[in-house]
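See below for the structure under consideration.
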Amino acid sequence: MKVSYHGHSVVQVVTDSHTILIDPFISGNEACDLDANTAKADVILLTHGHNDHVGDTFEIAKRNDALVVAPNELAVYLGTKGLVTHPMHIGGAREFDFGKVKFTQAFHGSSYTEEDGTVIYGGMPAGILLTIDGKTIYHVGDTALFTDLKMYGEMHSIDLAFIPIGDNFTMGPEDALVAADWINAKISVPVHYNTFPVIDQDAKAWAEQVKTGEGRALNIGDVIEL
Ligand code: NI
Ligand code: MN
């Protein structure tokens, strides 16, 4: 499969049979090389309800008839807006035709703000373990550092991890280095930085400091083949 990075926390996974988008925040994500009007997806996976993660889910899901897999409260809300959803929750795993999804803990918030300012409760935020053809990707989501990342690293053989380093809203670079050690992925990729001034970070410097496995800062559109 081909796994590519598109700025902020946007990850695309293309397999022989499916295109999967995780947290497709395209409009408002200036670095993103995808176009919300043309982006393809059979499946959209959402870690939590914040607008910089739900992003262009409505447009992309409707145009592609994509299945949206999200934490329950967020899935229910998206369902009321006409999207086809599959609700899950933290600790739960399910085999889909595109691969296996397991929702993990994240220490963060989860709400969606509608255009008129109405704030919708999004339930608990999560991370996502996605296993396809024996390879496991861990999209950590937005989170603080927490010790059960070590448990996830011990319980799962993780090939590729996407770890937030932006600070302010999530863990910062120092904590993210500890997370990379605990998650113990073969490749750790920094995400959730440089989208807004408040989360500006030096991703290449971070990647060079990763001690466990390989740290790799990706340019927009870069592909990792698993
Ligand atoms: Ni968030
Ligand atoms: Mn975020």
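Atoms within a ligand are numbered from 1 in the order they appear, just like the ligands themselves. Values reported hereafter were calculated over all heavy atoms of this structure, with side chains retained and with hydrogens, waters and symmetry mates removed.
The Mn ion (ligand 2) sits nearest to atom OD2 when only the N, O or S atoms of Asp52 are considered. The atom of His50 nearest to the Ni ion (ligand 1) is ND1, with the search restricted to N, O or S atoms. Here the N, O or S atom of His108 that is nearest to the Ni ion (ligand 1) is NE2. Asp142 contributes atom OD2 as its closest N/O/S atom to the Mn ion (ligand 2).
With respect to the salt-bridge test (charged N to carboxylate O, under 4.0 angstrom), the residues Lys81 and Glu114 qualify.
No more than 12 heavy atoms of other residues, nucleotides or ligands lie within 6.0 Å of NZ in Lys40, so this atom counts as exposed by the packing criterion. Within 6.0 Å of atom CD in Glu225, more than 12 heavy atoms from other residues, nucleotides or ligands are found, so the atom counts as buried in its surroundings. Counting non-hydrogen atoms of other residues, nucleotides and ligands closer than 6.0 Å to CG of Asp97 gives a total above 12.
Among the backbone and side-chain atoms of Asp142, an N/O/S atom is found under 2.8 Å from the Ni ion (ligand 1). At a cut-off of 2.8 Å, His48 coordinates the Ni ion (ligand 1) through an N, O or S atom. His192 lies close to the Mn ion (ligand 2), since one of its N, O or S atoms is found at a distance under 2.8 Å. In summary, an N, O or S atom of His53 is located under 2.8 Å from the Mn ion (ligand 2).
Tested against His48 for a ring-ring contact (aromatic ring centres under 6.0 Å, His included), the candidates His89, His192, His53 yield a single pass: His53. Shown are Tyr193, Phe162, Phe196; of these, the ring-ring contact (aromatic ring centres under 6.0 Å, His included) with His8 is made only by Phe196.
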